[in-house]
Amino acid sequence: MQEKYDPQEVERAIQARWEDTGAAHAVEDMGKPKYYCLSMFPYPSGKLHMGHVRNYTISDVLARFHAMRGFNVMQPMGWDAFGMPAENAAIQNRVPPAKWTYANIETMKSQLKRLGFAIDWDREFATCEPDYYRWEQWLFTRLFEKGIVYKRSGVVNWDPVDQTVLANEQVIDGCGWRSGAPIEKREIPMYYMRITAYADELLDGLDKLEGWPEQVRLMQRNWIGKSFGCEVAFPYDTATVGLEGVLKVFTTRPDTLMGATYVAVAAEHPLAARAAAVDPALREFIGECKRGGVAEADMATVEKKGLPTGFFVRHPLNGEKLPVWVANYVLMAYGEGAVMAVPAHDERDFAFAEKYGIEIRTVIASRTGVYTEAVAPWIPAYAEHGVCVNSGKYDGLGFEDACDAIAADLATKGLGERRTQFRLRDWGISRQRYWGCPIPIVHCETCGDVPVPDEQLPVVLPENVEVTGSGSPLARMPEFYECACPKCGKPARRETDTMDTFVESSWYFLRYCCPDNGGAMVDDRVAHWCEGGIDQYVGGIEHAILHLLYSRFWTKLMRDIGLFGDFRLDEPFAHLLTQGMVVAPTFYRKMPDGKTEWINPSDVNLECDARGRPVAAKRLSDGQPVCIGGIEKMSKSRNNGVDPQTLIDKYGADTARLFVMFASAPDQSLEWSDAGVEGAYRFLKRLWRVVHEHVSKGRILAYSGGAITQELKEFRHQLHQTIGKVADDYGRRKQFNTAIAAVMELLNACARINDDGKTARAVRQEALEAAILMLYPIVPHICETLFIEIRPGKTSGCLSFPDIDTAALARDEIELVLQVNGKLRGYLRVPASADKSAIEEAAVSTEVAQRYLNGKPPRKLIVVPGRLVNIVPQAFST
RNA sequence: GCGAGAGUGGCGGAACUGGUAGACGCACUGGAUUUAGGUUCCAGCGCCGCAAGGCGUGGGGGUUCGAGUCCCUUCUCUCGCACCA
């Protein structure tokens, strides 16, 4: 055995061995339980970043642990290859998106291999390959025929200078990122997927996803946003609006209807347009509302503004005239694009009414309060449920009763009814971009929108293309869009929009089961690997809503098209682990021109005071001081990213893996630290040295029974307790930092045993074997190497997780914590078999207890079995 | 603005079901080994205090024999908001 730990050599040799034996290759095996371990596939952006290293290490740890536990593990990998960055690179470097993408894939694949992940590369594919996206196009045509895909107009960000549609990300402070021109909202025809038809199933399904974090389920629930309420129609006529009709709104608070003092419509609402036709000021205001982007976050933070239309509608119950306003806080995309406003009981309506001097009428009172006209409005914008007041026949009714009574009266008049409303909107999938999956539709003047027939699929995206950043490249390529109508054969025009890249990522995990099937989208291997759902899905918390919701939706679509045969798959992901982000310190300098220069942490040396507090920082390359900024998410803009490759080159893959697993729990943010990496490396060196020292003293079999000293008995107790804890941390808790800490503690305890007798050496053999196996999922290269050294006979492919010796866990005596008034005052040793009264007796008779009791019996005695005794003396009162 | 999280020593974090706050690691201090630097090993290390003891989990309040953990309130930070992936 080598005396010195050489990670580069160890990792090269072990990886060659894995490659030779096909260790990560997964085949369907009915003899073992399967474990499908899935990571969110990467976008091939260039090279791996720390977030990738973290994500795929978490998955690899779980995959390897389950393999050690006897599962047949499948861990695939692929590439989410379509997307905007490839087009941006094309514009910047004049390199075709396909070429750029494939080059990035090569780089990142070799980096993933260098990290030693047990990935079955035979299942690899990139979503930009026609063999993949043809099935997406195929399913699209089926969904189009079913009416799940439909066409209507949608609002996009329009850059009037570049004459192009921009993503929200490309709109900065309301202006185009390249042109700098103010962005406008523009309506264009788009294809949508009817996800709202599955809203109820998507909502109810969340209750069954017990393997998901509650946080994610809650976010999805709120996103779908099912609310119960009432549709209310406010009639208008020729006298007030110039034509007859009703203005429909949806409200979750029909009980406040008697307090409605105006109605507000979105700028895009037909009534707003009608009023604007004769009102220049209103036209100007609607124009103002159209400026800026479509991102909801921006729209929700703008100042609430509005203008009266001059129109009036009738209150559906009392016939009162209510003014119609146009307001920028009403969203056309939600509900009816109009709201009834009850300023007394809604915060936003209240602010709006105050600003424009509209009446505020209190109609709900707190149950505990006594409402009188004299004190009204006694609670402005009181938004809680309460009792109706000032509401005529509804006075005195509670929320439910009032809703029922008002809904019934509305229904009688034909002016409203109870219904539910979802916040969820249909999914617009059309993108006016090049680097995406072509939408398989042909527009024919006589036949309309015709789906491309199966035999003409895939509609292949041409790869020799010029990307300029202005307009859609495909729309400039007659050789792409000129075609014959599949129905009538006349000249027709092919759709030039591509699909949202979320479509590709909504089903890739099913294709991993059968990537080689050239004749079908999926086959019965899905039933094998996805039985009970994918066993583990690991990825960033930023995908908590959209990607995960779309994937759930697509799985249901594929199920309903009948692609799974008899196999029923309702939910794709049984267990979900959302990892936190990777953050790092930032350093900067203010430049003379007022700009900030961000300096990479790898170029900075921190100076600390005698107590280790950072006091100053200097740039290594010029020795000059730099300012210390905050801890922020690793990003290009803050130049605080740390390249995993330099880490691997210097310390090896195992140190990189150990650091990212040890620095924090997987679902929390992970802070980069050079010193922490050093610590991880030191631990591995120490592990190597300890094993080397042990092995160099000669071979010995692990302890398997026989007479033993008290010290070794205690140590074996800790050993087997640690095995239990680590297995629980990997399997149930998925908290790897504490698993590592427990093994470190075990090794610290092992080092304290100054006994080289035969029994002690056998126990040490037992402990070191177990420690190596326990660490194997995290640092597989060094552990497999060490295991071969420490137990040369065992060379077969898969290592097993160590078993617990329950006999080692038995104890004669246990230590309890002794508290007085809940404060720690001492310890109490009792026989493990002691019952409650024996413990109480022992506790009261201790010197500590007597000191606090002053000879009197305790007022209260609390015994928590196996943990503590709390004595509450007489004198103590609350 | 709305929805969801997080806040614990000098630092990363641990405390799983309301039951010993600070495991483990880093940094720092002292000592040993070493020609020296580095490495390695040993010891110390929340704050105040000579000690006894007291205080301590962003701030304020509450429930409890007992609160980092539960409730109310407040501040700060992070993620998502439908065309970034």
Side-chain angles (χ1 to χ4, degrees), chain A residues 40 42-43 45 80 83-85 154 156-157 165-171 213 215-216 218-219 221-223 225 293-302 304 329 333 348 423-433 500-502 505 540-547 549-550 580-581 583 608-614 630-633 662-665 667-676 678-680 682-683 685-686 689 728-729 732-733 735 737-738 740-745 748 751 815-824 827 859-862 864 867-868 870-872 876 878:
Chain A
M40 289 184 187
Y43 178 78
S45 52
D80 188 14
M84 253 184 2
V156 294
N157 303 306
V165 175
L166 296 184
N168 284 337
E169 193 192 50
Q170 297 171 308
V171 179
Q215 166 198 4
V216 175
L218 194 55
M219 280 196 272
R221 233 172 250 132
N222 291 336
W223 183 263
V294 298
E296 196 186 306
D298 298 332
M299 299 183 32
T301 44
V302 295
K304 312 277 172 287
Y329 71 87
R348 270 189 323 191
R423 206 189 74 98
L424 183 69
R425 309 199 292 257
D426 277 341
W427 175 15
I429 55 163
S430 294
R431 297 292 179 270
Q432 299 68 47
R433 269 184 263 287
D500 182 358
T501 57
F502 270 124
S505 58
I541 182 71
E542 68 273 18
H543 294 293
I545 296 173
L546 291 179
H547 162 62
L549 191 65
Y550 292 149
M581 59 186 175
V583 297
C608 298
D609 68 9
R611 300 192 65 162
R613 296 185 185 95
I631 310 282
E632 296 190 49
K633 181 176 178 171
F662 183 58
S664 63
D667 57 347
Q668 314 242 302
S669 68
L670 173 117
E671 190 178 319
W672 177 259
S673 146
D674 288 317
E678 279 287 347
R682 201 177 304 159
F683 174 73
K685 281 195 289 185
R686 184 162 169 234
R689 202 168 50 240
D728 188 47
D729 279 351
R732 180 183 61 93
R733 299 181 69 206
Q735 188 169 295
N737 52 338
T738 48
I740 297 163
V743 179
M744 284 174 169
E745 274 185 87
N748 289 344
E815 189 177 64
L816 299 180
V817 162
L818 183 60
Q819 290 185 339
V820 178
N821 290 333
K823 288 200 163 156
L824 174 69
Y827 300 92
R859 190 166 73 88
K860 211 166 183 178
L861 256 179
I862 290 125
V864 182
R867 292 203 99 113
L868 60 75
N870 188 17
I871 299 167
V872 187
F876 186 72
T878 43

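In this text, all values refer to a predicted model and were calculated from it rather than measured experimentally. A, B, ... follow the sequence lines: proteins, then strands. Residue 1 opens every chain.
Within the 4.5 Å cutoff, the side chain of A:Ile740 has no heavy atoms near those of the A:Asp729 side chain. Contact of the A:His547 side chain with the A:Leu549 side chain is not registered, since no non-hydrogen atoms from C-beta on lie closer than 4.5 Å. Within the 4.5 Å cutoff, the side chain of A:Leu670 has no heavy atoms near those of the A:Val583 side chain.
Side-chain nitrogen and oxygen atoms of A:Arg733 include none within less than 4.0 Å of the OP1 or OP2 phosphate oxygen of B:rC16. Phosphate proximity of B:rA85 to A:Gln170: absent, as no side-chain N or O sits under 4.0 Å from OP1 or OP2. Residue A:Asn168 places at least one side-chain N or O under 4.0 Å from the OP1 or OP2 atom of B:rA82. Contact annotation: A:Ser669 side-chain N/O to B:rU78 OP1/OP2 distance is not under 4.0 Å. Contact annotation: A:Asn737 side-chain N/O to B:rA14 OP1/OP2 distance is under 4.0 Å.
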Mind listing the N/O atom pairs, protein and nucleotides 38-40 of chain B, below 3.5 Å?
{"from": "B:rU40", "atom 1": "O3'", "to": "A:Arg689", "atom 2": "NH2", "distance (Å)": "3.1"}

Using atom names, set out every protein N or O paired with an N or O of nucleotides 67-72 of chain B below 3.5 Å, distance rounded to 0.1 Å.
none

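At distances below 3.5 Å, not a single donor-acceptor pair connects side-chain atoms of A:Thr501 with backbone N or O atoms of A:Gly83. Checked by atom type and distance alone, the side chain of A:Asp500 pairs as donor or acceptor with a backbone atom of A:Phe502 at under 3.5 Å. A donor-acceptor distance shorter than 3.5 angstrom exists from the side chain of A:Gln170 to the backbone of A:Ala167, with no hydrogens or angles considered.
A:Ser505 and A:Asp80 share no donor-acceptor pair across their side chains, judged by distance under 3.5 Å alone.
A distance of about 25 Å separates the P atoms of B:rC83 and B:rU78, rounded to the whole Å. Spacing between B:rC71 and B:rG18 at atom C1', rounded to whole Å, works out to 13 Å. Nucleotides B:rA82 and B:rU17 have their C1' atoms positioned 39 Å apart, rounded to a whole Å. Comparing the C1' positions of B:rC55 and B:rA4 gives a spacing of 35 Å, expressed to the nearest Å.
Expressed to the nearest 0.5 Å, how far CD of A:Glu678 lies from NZ of A:Lys685 amounts to 7.0 Å.
Counting only heavy atoms from C-beta on, A:Met744 has its side chain closest to B:rG25 among B:rA14, B:rC84, B:rG25.
Between the side chain of A:Asn870 and the base of B:rC65 there is at least one donor-acceptor pair of N/O atoms closer than 3.5 Å.
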